[in-house]
Amino acid sequence: MEPLARIMVDFKQMKEFAKDPFIIERGQGIYLYDINGKEYIDGIAGVFVASVGHANPAVLESITSQLERLTFAPPLASTNPPALRLAERLSALTPPQFNLVKFASGGSEAVENAIKMALQYHKQAGGPGRYKFITTYGAYHGGTLGALSASGVSARQTTFEPLMGNFIHVHPPNFARCPLHLEPAQCAETCVLQFENVIEREGPETVAGVIVEPVMNVEGLVWPPPSYFQKLRAICDRYGVLLIYDEVITGFGRTGTLFYSEQAGAWPDLLCCGKGMSGGYIPLGATIIADRVAAAFWGEAEANVQYNAGHTFAGNPLACAAGLAVLDYIEAHRLLERVAQTGPYLAAKLEALRADCPAIVSVRGLGLWWGVEFSQDNPTGQQKDLIGRRVERAARAHGLVVRGAPAMISFGPPLTITEAEIDEMVRRLALALQDAIPYRGLGQRGTDMRLKDRVALVTGGASGIGRAAAIRLAQEGAKVAIADINGEMGAEALQLVKDQGGEAIFIKADVSQVAETERIVAETVARFGRLDILVNNAAVMLEKTAVDTSEAEWNRITDTNLKGTFFCAKYAIMQFRRQGTGGNIVNMASVNSFFAEGASPRTA
């Protein structure tokens, strides 16, 4: 039996997955590497998890140090120093009313704990009839039964129905899909008032809590204005209902503040977090509890008011050590300040891409969480043809991992990503769009998105067809390195390429010499940072006949066409493999005028 037949990957049909499995072997910084050594930019940080990047030395050092002390403590009878320190740290990073933490192994457990706590709280605080929860359609709160019941995503729920029956759903403030076609401000106002209306209709004495995602992921990266949360806070206070925020994704810097609650201007009674909390190094989640809720669980032994649930790995010392290290790294490297710069930078790059791709109808996001939405009336002529899924698959082929939805893809890279890395991430997305969308997205200069910003090396590029190839590549938006033995003609060709608005360099080299072939590849990469295309333009036409050509000259030409061409390709392929993104080699030796059409007359 094949190994892939022995496991299940989340939300994947394993028979199909096994045909082209995606098996990650290692990670470093913002990059992932599969078992074949191919490199990918982790544009979604695992799944909004790898907040401080993969293989972060500071986090690894903290975990290693804790490994030598304690890896597990009996949760029914004890706690441990890392758990105590992390709880203290979380209390210090939240408003004064938060002084109690219940740890978990992830976001689903954190939400599950919040649901159970709300139920037990009301039983112990004088409201034993409160058992209902009001949540929103489109929200996804996790895979455990309670968290799944609280969710409003039918695609995730119908398989397991009937679910728990004490959850009531209302419309979310998704302005683009408002059923009443209201303006955003009116939509937010109407949606928040639904909570009050449902509480009154159901009977306030039966409602235990309200659960919301401050930023809705599955719904398509949607978040309402601060007034929505402030009014929701007031409604819950008015009716004695607990307010629960699912900040599993938005917590720990994803939206530009440590918690989105800071931006909302209204804090919940129970704050659920996970994902980026441990940076993905060890499973960790938490429910942070306001004092007024915590008071119901504090009493003498005979009061029997302790929280009546638990999980084996909650508060694990290794996990809490990782959580402390992540917080240390966020603070020491000022990652929240960095997100304030890189978030808008990513947004600007995506907006520029939108100008080149008419299928993109919206770019939206906050912090380092951005989405690109596509038109549903797309060029294939089919409604809802899962264009986002196609872009996701195409992106992976170009070494980029994104989250795909039917009409959208989203980015949530590690908070450590640099502007240069964002440039490369968006470049790979542009290539994926060209592959996934069946028409050319034309920019203002008419560049071909397949070539825009790619790096091409043209050997023999000083004259003839090599020069024509260099010019055409520049016209289509590529960066060009021209290599040729003729320095005077090379300088002339370089100017012609630059006249097309292209970024280019000239490298004087004799490609009949093996060492020179390695050098020109190295100099191209040193100048542009990478290599995507090699145009191997070996000279084959002679002004004199073969009879009149000296033996030495003939040997040089032969070396250029055979040995030189071979080693140029060899070193280019070595560079492609180092990059992990693949590349293209075009041998122009037998082509007479493919690139000449439309180029400068001087190239004919």
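These values consider heavy atoms only, across backbone and side chains, with no hydrogens, waters or symmetry-generated copies.
No donor-acceptor pair closer than 3.5 Å links the side chain of His141 to the backbone N or O of Gly107. Judged purely by atom type and a 3.5 angstrom limit, Thr342 has no side-chain atom pairing as donor or acceptor with the backbone of Glu419. Here the side chain of Asp246 pairs no donor or acceptor atom with the backbone of Val212 at under 3.5 angstrom. Of the possible polar contacts, none joining the Thr71 side chain to the Leu67 backbone as a donor-acceptor pair under 3.5 Å is found. Between the side chain of Trp267 and the backbone N or O of Ala264 there is no donor-acceptor pair closer than 3.5 Å. Side-chain N or O atoms of Thr94 include one that pairs as donor or acceptor with a backbone N or O of Ser91 at under 3.5 Å. Under the 3.5 Å distance criterion, the side-chain polar atoms of Gln157 are matched with a main-chain donor or acceptor of Val153. With hydrogens and angles disregarded, no donor-acceptor distance shorter than 3.5 Å links the side chain of Arg403 to the backbone of Met408. Between the Asn56 side chain and the Val52 main chain, a donor and an acceptor come within less than 3.5 Å of each other. Gln124 contributes a side-chain N or O that, together with a main-chain N or O of Ala296, makes up a donor-acceptor pair within less than 3.5 Å.
Stacking of Arg396 on the aromatic ring of Tyr40 is not recorded, the 6.0 Å distance cut-off and the 45° axial limit not both being met. For the pair Arg254 and Phe48, the cation does not sit on the ring face, since its NZ or CZ is not both under 6.0 Å from the ring centre and inside 45° of the axis.
Side-chain contact check for Tyr281 versus Leu60: some heavy-atom pair is nearer than 4.5 Å. Residues Val372 and Ser410 fail the side-chain proximity criterion, which asks for heavy atoms closer than 4.5 Å. Using a 4.5 Å heavy-atom threshold, the side chains of Leu119 and Phe133 count as touching. For the pair Ile23 and Asp34, the minimum side-chain heavy-atom distance is 4.5 Å or more. Two residues are said to be in side-chain contact when any heavy atoms from C-beta on lie closer than 4.5 Å; Asn197 and Arg201 meet this criterion. The shortest side-chain heavy-atom distance between Ile289 and Phe98 does not fall under the 4.5 Å cut-off. In this structure, the side chains of Phe313 and Pro283 stay at 4.5 Å or more apart for every pair of heavy atoms. Between Met425 and Ile417, the closest side-chain pair of non-hydrogen atoms falls below 4.5 Å.
The six-membered or imidazole ring of Phe259 lies away from that of Tyr245, with a centre-to-centre distance of 6.0 Å or more.
For the side-chain contact (heavy atoms from CB on, under 4.5 Å) test with Pro413, the passing option among Val402, Ile30, Leu368 is Leu368; the others fail.
Between Tyr33 and Tyr31, the ring-plane angle classifies as tilted under the 30° and 60° cut-offs. By the 30° and 60° cut-offs, the orientation of the rings of Tyr137 relative to His171 is tilted.
With values rounded to the nearest 0.5 angstrom, Glu247 atom CD is found 9.0 Å from Ile288 atom CD1. Separating the CD atom in Gln341 from the CG atom in Leu336 is a distance of 12.0 Å, to the nearest 0.5 Å. Within the model, atoms CD of Gln194 and NE2 of His169 stand 12.5 Å from one another, a figure rounded to the nearest 0.5 Å. From Ile24, atom CD1 reaches atom CD1 of Ile35 across 9.5 Å, with rounding to the nearest 0.5 Å. The structure places CD1 of Ile249 at 13.0 Å from SG of Cys273, a figure rounded to the nearest 0.5 Å. Taking CE of Met14 as the start and CZ of Arg6 as the end, the distance is 12.5 Å to the nearest 0.5 Å.
Heavy atoms from other residues, nucleotides or ligands lying under 6.0 Å from CD of Glu183 number 12 at most. The number of heavy-atom neighbours closer than 6.0 Å to CD of Glu61, taken from other residues, nucleotides and ligands shown, is 12 or below. Atom CZ of Arg238 has more than 12 neighbouring heavy atoms from other residues, nucleotides or ligands inside a 6.0 Å radius. Under a cut-off of 6.0 angstrom, the local environment of CD in Gln306 is crowded, with over 12 non-hydrogen atoms contributed by other residues, nucleotides or ligands. Heavy atoms from other residues, nucleotides or ligands lying under 6.0 Å from CD of Glu337 number more than 12.
Using a 4.0 Å cut-off between charged nitrogen and carboxylate oxygen, Arg130 and Glu205 do not count as a salt-bridge pair. By the 4.0 Å N-to-carboxylate-O rule, Asp328 lies close enough to Arg89 to be salt-bridged with it. For the pair Lys231 and Glu196, the salt-bridge criterion is not met [side-chain N within less than 4.0 Å of a carboxylate O].
Nearest heavy-atom pair across Val170 and Phe195 is CG2-CZ, 3.7 Å. Closest heavy-atom contact between Pro173 and Ala188: CB-CA, 4.3 Å.
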Exercise. Check step by step if side chain to side chain contact (heavy atoms under 4.5 Å, CB included) holds for Phe167 and Ile211.
Key: CA-CA 10 Å; Phe167 291 90; Ile211 307 174; 4.3 Å; yes
Quiz item: Can you list the steps and then say if Leu100 with Asp291 is a side chain to side chain contact (heavy atoms under 4.5 Å, CB included)?
Solution: CA-CA 7 Å; Leu100 182 64; Asp291 290 347; 5.8 Å; no
Exercise. Begin with the C-alpha distance, continue with both residues' side-chain angles, and end with the deciding distance and a verdict on side chain to side chain contact (heavy atoms under 4.5 Å, CB included) for Arg233 and Asp269.
Key: CA-CA 9 Å; Arg233 175 73 274 179; Asp269 299 301; 3.0 Å; yes
Quiz prompt | Residue pair Ile235, Gln230: steps toward the side chain to side chain contact (heavy atoms under 4.5 Å, CB included) verdict | solution = CA-CA 9 Å; Ile235 290 169; Gln230 294 159 14; over 6 Å; no
Quiz item: Going through the checks in order, is the salt bridge (charged side-chain N to carboxylate O under 4.0 Å, His left out) test met by Asp20 and Arg393?
Solution: CA-CA 11 Å; Asp20 183 22; Arg393 290 192 295 271; over 6 Å; no
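Tyr228 and Glu189 share no side-chain donor-acceptor pair at under 3.5 Å. There is a side-chain donor-acceptor pair under 3.5 Å between Asn174 and Glu219. Under the 3.5 Å distance criterion, with hydrogens and angles disregarded, no donor-acceptor pair is assigned to the side chains of Ser105 and His311.
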